[in-house]
Amino acid sequence: MNPIYASRKRTDFIIRGLCIAAAIFGIGWLTLILGSLLWNGLTSLGLNVFTQMTPPPGVTGGGLLNAIVGSLIMTIIGVAIGAPLGMFAGTYLAEYGRHDKLSSVIRFINDVLLSAPSIIIGLFIYGAVVVPMGGFSAFAGSLALAVIVIPVVVRTTEDMLMLVPTALREAASALGLPRAYVITRVAYKAARAGLITGVLLATARVAGETAPLLFTALSNQFWSIDLTKTMANLPVTINNFVNNPDPNWKNLAWAGALLITLAVLTLNIAARYLGAERTPK
Amino acid sequence: MTDMAVEAAQVAQSDTPMDRARALSAFKFGDVSFYWITRLSAMCVLLILGGIIISLIVGAWPAIQEFGFSFLFTQRWAPSAQPSPVLGALGPIYGTLLTSVIAMAIAVPVGLGIAIFLTELCPMSLRRPIAMAIELLAGIPSIIYGMWGFFVLGPFLANTIEPAIIALFAPIPVLNSIFAGPASNLSLFNASLVLAIMVLPFITAISRDVFATVPPVLKESAYGMGCTTWEVARNVMIPYTRVGLIGGVMLALGRALGETMAVAFIIGNSFKITPSIFAPGTTISAAIASEFAEADGVHQSGLILLGLLLFVLTFIVLTCARLMLMRIERRQGA
């Protein structure tokens, strides 16, 4: 065979081998992480995790009840504040200001906020809410989560509304519907699955966020559902437990990590399923 | 929609002109208020960015006044020094850049390799499941990666791989100071590796999306001319998607620079700069995460100033990334 062909074939063979090796290497690491998470998480997961409060150091037993409830409360409030705001903003970008200058600026800023470091959001809420209010609070934590939710929802809402055929809007307008009604009654309905997908993805994104809660909601060791005080939450509890040599805390941290991961994966899969099923094409 | 038609019909058939006018004005009011609600919400996005910048500058102001530009070039971080605290950002900046660069050096080739594997080599039946698994992994919270790094990866590296590397490079000058011992559970290198594993799914997912924009005809004609898979990837796919790939890599870099929880456990929180990558260090975000809650006064302000630096850094990187990705989107739309 011509030596050039041979060398081309050889290079191709080597690179292919490297690509396959990269795939095995990458997927191997990721299975390793999930594997050790499942192993350690399942062995420390018991009924007590859901029924008892976080224990003080050096004590056996205890659970994560207050942290789980706190996380649920803050995530729900954060999404409840952030999702409508984000949806309206996305509506403006897709429906009213599709081509104007302001929208392209907002779109750009939104994209930057979408991947801004979450610890910066924490610092922002600390300066804007925690200091004026005079102390750490669950409310501040929820606001920090809302700030993270907004860009995600803006982005998906805009993308989904863009997919709604213009003919639908024109038909509704031809019936004499005002613009707002065209959007709320026609465009929203056509894009409903996509909009829900966006909210689910945003929820998944904030469910495991730790950095913005570190100095907004802080965390505590007891049952408290007062929004104006610090509130226990899973990510910060895990953070504190990992940083401590106590073996019982270590096990609870694994259990908490498994819970968060399962929640995030479930939300992501649900979003994917919904999005594949009903997204207008 | 039917309900709207009925309502509209009721408006049309209203007995008196008064009813009709009232219904129409209600419509109009709804219309205008909805417009303003959406417009104000859109403004909120700008407001958030403005709020972040202002609150960071206000919070950092005491530190800016106290240290000025020397903050950027001082290595010493001594919040409780007498008579006045000495704070310098050099250590965290060095750690942030070093860990991100090492992480990207590992994750970019591997991520591209996986993306090429997925688009060109992988059997059809495996493509969708593997791609989906990788996208799901990109969504896992970073604290999980950090925790795994702390409990599993750190001890493993310190006990097996790092001593071997240190021994290997010990006789070689220069390299023996970069790979100097002792191996430790907490080090810049361990943090970089965790970061690399964390951004890997992200880079793979983006490169795969970008590779999907290459028109099949282009690839097919290259294959038709007798190109090998590697030649198609190198001479057709990568040049065609170059801008998008760089944008994706910069997006990932933006993530790596600002990542907190994946590195905070494992980096060791040392503000000293040492040439060895096996020594403990710190990053901007890890420093803020570990010290902020207990800091006050100038110390706290210094941490906020670090945050401001991080924000400026990531803002620049993300802006470049977005501009590049926008270029490829425009071409795709055209």
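Below, chains carry the letters A, B, ... as their sequence lines are ordered, and counting in each starts from 1.
Heavy-atom contacts from other residues, nucleotides or ligands closer than 6.0 Å to CZ of B:R128 number 12 or fewer.
For a residue to count as touching a neighbouring chain, one of its non-hydrogen atoms must lie under 4.5 Å from one of that chain's; by this rule A:V154 touches chain B with the side chain only. Interface residue A:L113: only side-chain heavy atoms are found under 4.5 Å from chain B. Contacts of A:L34 with chain B are made by side-chain atoms alone, with heavy-atom separations under 4.5 Å and no backbone atom involved. The contact between A:I20 and chain B is made by backbone and side chain atoms together, counting heavy-atom distances below 4.5 Å. Contact annotation for B:L136: both backbone and side-chain heavy atoms come within less than 4.5 Å of a heavy atom of chain A. Of the two parts of A:L32, the backbone and the side chain both hold a non-hydrogen atom closer than 4.5 Å to a non-hydrogen atom of chain B. A:I121 touches chain B through its side chain: at least one heavy atom from C-beta onward sits under 4.5 Å away, while N, CA, C and O do not. Contact of A:S115 with chain B is made through backbone and side chain together, with heavy-atom distances under 4.5 Å. Proximity to chain B (any heavy atom under 4.5 Å) is shown, for A:S103, by neither the backbone nor the side chain. No part of A:I24 comes within reach of chain B, as not one of its non-hydrogen atoms sits under 4.5 angstrom from that chain. With a threshold of 4.5 angstrom between heavy atoms, A:A207 does not approach chain B through any atom at all. Only the side chain of B:T260 comes within contact range of chain A, judged by heavy atoms closer than 4.5 Å. Only the side chain of B:L137 has a heavy atom closer than 4.5 Å to any heavy atom of chain A. Contact of B:F150 with chain A is made through the side chain alone, with heavy-atom distances under 4.5 Å. Proximity to chain A is absent for every atom of B:I54, based on heavy atoms less than 4.5 angstrom apart. With a 4.5 angstrom heavy-atom cutoff, B:L200 touches chain A only via side-chain atoms.
A:R8 contributes atom CZ, which lies 6.0 Å from atom OG1 of B:T228 (distance to the nearest 0.5 angstrom). Taking NZ of A:K250 as the start and CE of B:M147 as the end, the distance is 9.0 Å to the nearest 0.5 Å. Atom CG in A:D12 sits 12.0 Å away from atom CZ in B:R234 (nearest 0.5 Å). The distance from atom CD1 of A:I33 to atom CG of B:L153, rounded to the nearest 0.5 Å, is 8.0 Å. Atoms CD1 and CZ, on A:I120 and B:F315 in that order, are 12.5 Å from each other to the nearest 0.5 Å.
Across all non-hydrogen atoms, the minimal contact from A:R179 to B:D31 is N-OD1, 3.4 Å. Across every non-hydrogen atom of B:F117 and A:C19, the tightest pair is CB-O, 4.1 Å. Among all heavy-atom pairs drawn from B:G30 and A:A180, the shortest one is O-CB, 4.0 Å. For the residue pair B:G307 and A:L123, the shortest heavy atom distance occurs at CA-CD1, 3.8 Å.
Between chain A and the residues B:T38, B:I144, B:L323, B:T204, the most heavy-atom pairs under 4.5 angstrom are made by B:T38. The candidate from A:T210, A:N268, A:T91, A:I260 with the greatest count of non-hydrogen atom pairs under 4.5 Å with chain B is A:T210. Looking only at heavy-atom pairs under 4.5 Å with chain B, the residue among A:L18, A:N243, A:L114, A:L93 that has the most is A:N243. Chain B forms more heavy-atom pairs under 4.5 Å with one residue of A:V147, A:I119, A:I183 than with any other, namely A:I119. No other option in B:T314, B:L257, B:V152, B:I197 has as many heavy-atom pairs under 4.5 Å with chain A as B:I197. Ranking B:L121, B:I116, B:V58, B:I53 against chain A, the residue ahead of the rest is B:L121, based on heavy-atom pairs under 4.5 Å. Ranking A:G122, A:S36, A:S118 against chain B, the residue ahead of the rest is A:S36, based on heavy-atom pairs under 4.5 Å. Counting heavy-atom pairs under 4.5 Å between each of B:L118, B:V317, B:V110, B:I304 and chain A puts B:V110 at the top. Interface summary for chain B: among A:W254, A:F25, A:F136, the most heavy-atom pairs under 4.5 angstrom belong to A:W254. Contact count against chain B (heavy-atom pairs under 4.5 Å) is highest for A:V242 among A:L214, A:V242, A:L102, A:V112. Of the residues considered (B:I130, B:I114, B:I140), B:I114 shows the highest number of contacts with chain A, using heavy-atom pairs under 4.5 Å.
Checked against the 6.0 Å centroid threshold, B:W230 and A:F13 do not count as a close aromatic pair. In this structure, the ring of A:Y181 has its center no less than 6.0 angstrom from the ring center of B:F34.
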* **Verdict with supporting geometry, B:Q300 and A:Y126, side-chain hydrogen bond (donor to acceptor under 3.5 Å, both in side chains)** => CA-CA 11 Å; B:Q300 190 180 60; A:Y126 180 84; 2.7 Å; yes
* To do: Show your working on side chain to side chain contact (heavy atoms under 4.5 Å, CB included) between B:W148 and A:N40 and close with a plain yes or no.
  => CA-CA 10 Å; B:W148 176 78; A:N40 289 303; over 6 Å; no
* To do: Give the intermediate values and the outcome of salt bridge (Lys or Arg N to Asp or Glu O under 4.0 Å) for residues A:R16 and B:E120.
  => CA-CA 10 Å; A:R16 274 188 200 214; B:E120 297 300 309; over 6 Å; no
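Residues that satisfy the side-chain hydrogen bond (donor to acceptor under 3.5 Å, both in side chains) test with B:S285, not counting sequence neighbours, are B:T283.
Within residues 40-50 of chain B, the residues that have a heavy atom under 4.5 Å from a heavy atom of chain A are B:S41, B:A42, B:M43, B:C44, B:V45, B:L46, B:I48, B:L49, listed by number.
The aromatic rings of A:F215 and B:F292 sit tilted relative to each other, their planes meeting at an angle between 30° and 60°.
For the side-chain contact (heavy atoms from CB on, under 4.5 Å) test with B:I143, the passing option among A:T261, A:V236, A:L234, A:N239 is A:N239; the others fail.
By the 4.5 Å heavy-atom criterion applied to side chains, B:T319 and A:F108 are counted as neighbours. Between B:W36 and A:Y92, the closest side-chain pair of non-hydrogen atoms is not below 4.5 Å.
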